[in-house]
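Notes to accompany the following structure.
Each chain gets a letter, A, B and so on, in the order its sequence line appears, and its residues count up from 1.
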Amino acid sequence: MSLIDAIRLALTQIRVQKLKSFFTLLGVTIGVMFLIAVVSIVNGMSKYVEEDFAAKFLGVNTFTLRRFPNFQNGNVTEATWREWQRRPVITSEDADAIREALPTGAHWAMQDMRYATPASQYRNSGPQAMVAAVSAEYFLIKNLEVERGRVFTEQEEQIGQPVVVLGSETAETYFPNIDPLGKEIRLEGLPFRVIGVLKKQGSTFGISLDRQAIGPFHSDMRRVTHARMGIDGVLVQGSDVGNLQDSEEAAREVMRRRHHLRPADPDNFMFETSESALGFWQGIKQVLVIGGIVLPAIGLVVGAIVIMNIMLVAVADRTREIGIRKALGARRRDIMWQFLVESATLSIFGAILGIALGFGLSALIKSVTPLPSSVALWSIVVSVFLGAGVGIIAGIYPASRASRLDPILALRSD
Amino acid sequence: MSLIEQQIAMSTTAERQVVTGAPGAAPSADWVIVTRGITRDYDMGGEVVHALRGVEIAVRRNEYVAIMGPSGSGKSTLMNLIGCLDTPSAGEYWLNGELVSRMADDELARVRNREIGFVFQTFNLLPRATAQQNVELPLVYAGVSAAERKARAKEALERVQLGDRRDHRPNELSGGQRQRVAIARALVNRPAILLADEPTGNLDSTTSEEIMRVFEGLASSGQTVIMVTHEPDIAAHARRVVVLRDGRISSDETRETFLATLNARV
């Protein structure tokens, strides 16, 4: 019997017993649905976190020297927290010293941030903006581009010009339908002249990246961010991976010297890189991947057991049919083949249904939660093969029983 | 007296008094069935039942033979052996020049497919398949292409006057029509023998006559027909009647002698 004949036969059998077939498929369907959904969530989040989030928040090929981590991996113990609080703050003098020590090719910027409510002559209340007092190269390192106007220059930063570059949302809010360039905006009561508006960036984890106000570090902006109490960090971008490592070593040496650490003392500052910040994500991803393996595996095992049982029942129900087929010349392998193809077809149907439901679940998650999710092509291919595999494995025993039936006895059964 | 000589002695026509060959040697081409001392023992929980105790039958091409016998005579066992659904415990069975008594499962399946057309008492049609699909079934296992299957099944159904019922399922057909579908299915692969097991057992007398006329027509056109039955008036349609008793052949005669014996007994 050819494959086409066997598949046609299997489809007839499935069509005749629609409801029974449906319940038979359920296990495989659920397994595959979870597989598709979990993989698509992990896939979507990975893409989002590793490309989007990491690039927007941390920049490419960069590290940030900080007092203690901004992104924490899991829970921090009380003792660790207290140790962090005892650490000396990082000052703009530290930042300048690091700049001196950096290898050529590396970019450097200090940054200090604080939330504040801006005010303009058009609007004096509204959502807060992330106010940043930074060096001129900050825009380069963070890959921030203006939509209108310009960013401030090195010289403007050095002499402390009271200028500001706004995020698109902040600009829109405080200058509704008005060109903000050249206008004044007040932060903590201090006036700044708007010289540029950043391109729209969207949001990450619900935090809008478009509510920003970035000004020169040496201007009044550092008063807005209270830089006297220490700065958030020093941002360094290497020209390549090697340059970044050299930069990190140079910065570590400077900081250890400035903090008077003995060789045996641990660092009392830290370097945040996109990998270290993404450590928390790796943890979440692991749990999700384990869930993504365990849930479908349970579904598929249950599915296989159900299919095996249903196929055993089918063999018993169709003993006479098997007898007839054997009498008419079906060999053992023909009967085996027939039931294996039937079992595999059934299971593949289940997998296809599961893929459809997985797509649905993935779309649902996307629409009701902020979690992004995108279906991975490979998970569809894997699902179809898993479906076929489960069907074939579950079908082997029933099919071999069917193939070994004695035609004389089989013909006599009702 | 050897078993072969016994059978020859029992034969009543000159035609049958031809030596069919020595044990181990293939019979000449005009013999479609030759059995040499076949036995079949069943192990029924430690007790051995001798269903057949050395049966010698030789059937020429184009013969129309009825095998009769009361229940327990071994006629079902003989039918299973002739139909290659089973193999003998001892002895030789030559079918159409092939020694089938020592064949393995898959070879037997091939022989059933090519050489034997079964007609059963209970029709044994697949209930969910149409008449056409039922008739195509042996061709599926013969590896015939879909187009050719369709054409040959159509031709076979037309031969049994069911050309207009091809798309009907068995439950939409009368008993006689179902049996004719089964006959079409048996003939579709042009088998060496048509093997019918109580073909009229589930039919009323009018329909039985109709089926017997189909058999008669097939026999006249040159098809070898072997029919197992326990009804003497059905057996009387055949041209030769073999009677089994206690696992042995008790008589093997022409229709005329069989009828004469039958009438004499009544």
Handout entry: Interchain contact, B:Leu125 with chain A, by part (heavy-atom threshold 4.5 Å)
Key = backbone
Handout entry: Over 12 foreign heavy atoms within 6.0 Å of CG, A:Leu3
Key = yes
Practice task
Flag the pair B:Asp106 / A:Arg333 as yes when at least one side-chain heavy-atom distance between them is below 4.5 Å, and no otherwise.
Solution key: yes
Handout entry: Within 6.0 angstrom of B:Arg245 CZ, more than 12 heavy atoms from elsewhere
Key = no
Practice task
For B:Glu158, look at atom CD and say whether over 12 heavy atoms of other residues, nucleotides or ligands are found less than 6.0 Å away.
Solution key: yes
Exercise for the section: Would you give the length of the straight line joining atom CD of B:Glu107 to atom CZ of A:Arg331, rounded to the nearest 0.5 angstrom? Expected result: 11.5 Å
Handout entry: Which atom of A:Ala330 lies closest to which atom of B:Ala109, heavy atoms considered
Key = O-CB, 3.7 Å
Handout entry: Ion pair B:Asp105/A:Arg404, N-O distance below 4.0 Å
Key = no
Problem - No-hydrogen, no-angle side-chain donor-acceptor test under 3.5 Å, B:Thr122 and A:Arg320 - result: yes
Problem - B:Arg159, CZ atom: more than 12 neighbouring heavy atoms under 6.0 Å - result: no
Handout entry: B:Trp94 atom CH2, neighbour heavy-atom count above 12 within 6.0 Å
Key = yes
Handout entry: A:Leu411 CG to B:Phe120 CZ distance, which is reported to the nearest 0.5 Å
Key = 5.0 Å
Problem - Non-hydrogen side-chain atoms of A:Lys326 and B:Leu85 separated by less than 4.5 Å - result: no
Problem - Within 6.0 angstrom of A:Phe385 CZ, more than 12 heavy atoms from elsewhere - result: no
Practice task
For side-chain contact (heavy atoms from CB on, under 4.5 Å), just list the numbers for A:Leu328 and B:Arg112, CA-CA rounded to whole Å, side-chain angles, deciding distance to a tenth of an Å, and then say yes or no.
Solution key: CA-CA 6 Å; A:Leu328 298 182; B:Arg112 288 198 294 271; over 6 Å; no
Exercise for the section: May I have the step-by-step check of side-chain contact (heavy atoms from CB on, under 4.5 Å) for A:Thr12 and B:Arg128, ending in yes or no? Expected result: CA-CA 9 Å; A:Thr12 314; B:Arg128 293 198 191 98; 5.6 Å; no
Exercise for the section: May I ask you to check whether over 12 heavy atoms, not counting those of A:Phe34, lie within 6.0 Å of atom CZ? Expected result: no
Exercise for the section: With a 4.5 angstrom heavy-atom cut-off, could you sort out which part of B:Arg185 is near chain A: side chain, backbone, both or neither? Expected result: side chain
